[in-house]
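Side-chain atoms are counted along with the backbone in the values below, which use heavy atoms only and exclude waters and symmetry mates.
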Amino acid sequence: MEESNTHAYALDYIFISIVIGICCGIIFDVYFRFRFDVVVIMTIAIGCFGVAMLRPQKFLKKFLRAEQFLFCISIICFTMLLGMMRMQFARGEVSQLENSVGQKVTLTGIIDVVVPKTYNQQTKLSTSDGQTILVYAQKYPHLTYGDDISITGILQKPKNFTTNQGTEFDYVSYLYKDDIAYVIPNGQATIISHGKNYFLGPLYALKNWFIAGYAKVLPPDEADLMGGLTLGTKENISPEFRDSLVETSTIHIIALSGYNVTIVANFLRGLLAQIPLLGARGALVGGGIGIIFFVLMTGAQSSAIRAGIMALVALFGRGSGREYDAFRALVLAGFIMILWNPKFLVYDVSFQLSFLATLGMIYLTPKFLELFRNIPEFIFGKIPLRELMSTTLGAQTSVVPFIIYKMGVFSLVALPANILILPAVPFAMGIGTLAGIIGNFSIVCATPFAFVTHLLLRYIIILINFFAKIPFAYLEIPGTSIFICLALYILIMFWVYTKKT
């Protein structure tokens, strides 16, 4: 038994060493571009620091010898070079379109998911030479996923812009993570042939079917919020309401998370478990397939992919009787995503926030639960006050330093806003989805469900706008140094590992 534990710990540290090395290699390649003098020095420094943070006294004294400690350092150094190579490969070559910036061009290619907007349609065009361009086409003709089109317009490069909070939004990096380096803001699209994608096409059509159902039974602003809650569609949410979500730290409710994915998985597994021929194993596989389809249907957003991988690990781990380790699942999910697209690590703020928030819920929530042990567990018989406060503070504490550094905003109303809003979210999701499904067949039959959903969504919207308008609801802290951000995280880690509860 002791020998098996020793092997398990050894494998854990080897895996963590690989992850640290790959991530450091990607980061160094982005900021230093193969400056070997810097790479060698920083590799050794980060490697030693990374292993040191994993409690080397336990690592060395109890399970591994000193030479194996050095072996982990060598793994970090080697995999760091692999990470640099992976980022080099992901960066690609300079596009021939660079010479056409500012000029009128005509390009052909296959389009991705289409997002209908008030006055146009937003999509991504994949050209034959491997370029991806963000396109805003005219309202008509309606474009669908997989269409082969010709687009004519002025080719431009994206630019960063200033948010209403006075901070600069790195729009260039936001698009670059998806390999988008060019934009056609007012394009004229001509359909050459309609797409015949028999896999993703029906999934995106199903997504649009749900959104159409919400639009039939709910007012526009509530239908847009409903789409964000259930499917992560943020494009049609008004900029003013999006700012209110940011200022109250409730923007996470329209970001797909493990909560959404778990609901889908459990529903499908429970439904399939009722079929005698499938049995428990068949229901398990069906739930896993449902997770994959749901993540793909929602556009494979980074937060949804992470949540999907974690949900799959949990689903099959528990199904096989093995203990589920949330931290291992989180690291595995993040590592798979980074290997698939290393740009996530540096350029995708959604991925970064999602990862940090999940870490906070794993390590900080138990601390706050113990800290709030004198607070009532439930209020009004049903609302889990202590758990809500602990989960909210756990997630918020873990992302606050990063948000201050990246966005320059610190919400002072995050805790009360989340405590009052979050209990209504699952009910709005469940009843609203039912209303949307029925509304696609009969608006009259959907009316009772739509009315309840309307009350829940209106409650959420009113509260968010109320908290956002409170004087000094948030503080603007522009120009925060990365070193301050790191110092705050060191303090949080110190509290996690040393505070006695």
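Under the rule for a side-chain hydrogen bond (donor to acceptor under 3.5 Å, both in side chains), the partners of T250 that lie at least two apart in sequence or sit in another chain are T248. Qualifying ring-ring contact (aromatic ring centres under 6.0 Å, His included) partners for F327, counting only residues two or more places apart in sequence or in other chains: Y363. A search for side-chain hydrogen bond (donor to acceptor under 3.5 Å, both in side chains) contacts involving S398 returns nothing, not counting sequence neighbours. For the salt bridge (Lys or Arg N to Asp or Glu O under 4.0 Å) test, residues two or more places apart in sequence or in another chain that qualify with K343 are D179. Considering only residues two or more places apart in sequence or on other chains, Y171 meets the ring-ring contact (aromatic ring centres under 6.0 Å, His included) condition with F161. Listed by chain and residue number, F15 satisfy the ring-ring contact (aromatic ring centres under 6.0 Å, His included) test with F335 (two or more places apart in sequence, or in another chain). In terms of the ring-ring contact (aromatic ring centres under 6.0 Å, His included) criterion, residue partners of Y204 (sequence neighbours excluded) are, by chain and number, Y145. Taking K139 as the reference, nothing meets the salt bridge (Lys or Arg N to Asp or Glu O under 4.0 Å) condition, with sequence neighbours excluded. S173 meets the side-chain hydrogen bond (donor to acceptor under 3.5 Å, both in side chains) test with D170; sequence neighbours excluded. Contacts of T453 classified as side-chain hydrogen bond (donor to acceptor under 3.5 Å, both in side chains), with partners at least two apart in sequence or in another chain: none.
A heavy-atom distance below 4.5 Å is found between the side chains of T152 and K104. Within the 4.5 Å cutoff, the side chain of I149 has no heavy atoms near those of the T108 side chain. By the 4.5 Å heavy-atom criterion applied to side chains, I151 and I184 are counted as neighbours. The shortest distance between side-chain heavy atoms of M361 and T391 falls below 4.5 Å. A 4.5 Å side-chain heavy-atom check between D29 and Q88 finds at least one atom pair inside the cut-off. Put simply, the side chain of Y182 does not reach to within 4.5 Å of the side chain of L134, judged on heavy atoms. Side-chain contact between W495 and M493 is absent, with no heavy atoms from C-beta onward closer than 4.5 Å. Between P185 and Q156, some side-chain heavy-atom pair lies under the 4.5 Å cut-off.
With rounding to the nearest 0.5 Å, the separation of CG in L330 from CG in L356 is 9.5 Å. To the nearest 0.5 Å, atoms CG (D147) and CD1 (I111) are separated by 4.5 Å. To the nearest 0.5 angstrom, T132 atom OG1 is 7.0 Å from K124 atom NZ. How far CD1 of I460 is from CG of L422: 9.0 Å, rounded to the nearest 0.5 Å. Atom CD1 of I180 and atom CD1 of I133 lie 9.0 Å apart (nearest 0.5 Å). Between L415 atom CG and F467 atom CZ the span is 9.5 Å, to the nearest 0.5 Å.
In this structure, the side chain of Q352 engages the main chain of V346 through a donor-acceptor pair within 3.5 Å. Side-chain atoms of N341 come within 3.5 Å of backbone N or O of K177 as a donor-acceptor pair. Judged by distance alone, with hydrogens and angles left aside, the side-chain atoms of R86 form a donor-acceptor pair with the main-chain N or O of W340 at under 3.5 Å. Under a 3.5 Å cut-off, the side chain of N208 and the backbone N or O of A205 do not form any donor-acceptor pair. Using modelled atom types, no side-chain atom of N186 and backbone atom of G153 make a donor-acceptor pair closer than 3.5 Å. Using a distance-only test at 3.5 Å, with no hydrogens or angles considered, a donor-acceptor pair links the side chain of Q121 to the main chain of L143. Side chain of K469 to backbone of F466: no donor-acceptor contact under 3.5 angstrom is found. T123 contributes a side-chain N or O that, together with a main-chain N or O of D112, makes up a donor-acceptor pair within less than 3.5 Å. For the pair Q138 (side chain) and N120 (backbone), a donor-acceptor distance under 3.5 Å is absent. Looking at S411, its side chain does come within 3.5 Å of a backbone N or O of A414 through a donor-acceptor pair.
Taking both residues in full, the closest heavy atoms of C485 and P401 are given as SG-O, 3.7 Å, listed atom of the first, atom of the second, then distance. In terms of heavy-atom proximity, I237 sits nearest to R242 at CG2-N, 4.2 Å. Closest non-hydrogen pair, V105 versus S100, comes out as CG1-CB, 3.8 Å. Across every non-hydrogen atom of C23 and L345, the tightest pair is O-CD2, 3.5 Å. Among all heavy-atom pairs drawn from V172 and P158, the shortest one is CG2-O, 3.4 Å. The shortest non-hydrogen separation linking G394 to T365 is CA-OG1, 4.0 Å.
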- request: Give the C-alpha distance, both sets of side-chain angles, the deciding distance and a yes or no for side chain to side chain contact (heavy atoms under 4.5 Å, CB included) between Y347 and V30.
  value: CA-CA 10 Å; Y347 300 110; V30 168; 3.4 Å; yes
query: What do the steps show when you test I191 against D148 for side chain to side chain contact (heavy atoms under 4.5 Å, CB included), and what is the final call?
result: CA-CA 6 Å; I191 298 176; D148 188 359; over 6 Å; no
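Each ring-ring contact (aromatic ring centres under 6.0 Å, His included) pair with one or both residues in residues 209-241, not counting sequence neighbours, appears once here: W209-F441. Pairs of residues two or more places apart, or lying in two chains, that qualify as salt bridge (charged side-chain N to carboxylate O under 4.0 Å, His left out) and include a residue from residues 213-227 are D221-R458, E222-R458.
Screening I211, L218, L231 for a side-chain contact (heavy atoms from CB on, under 4.5 Å) involving M226 leaves a single residue, L218.
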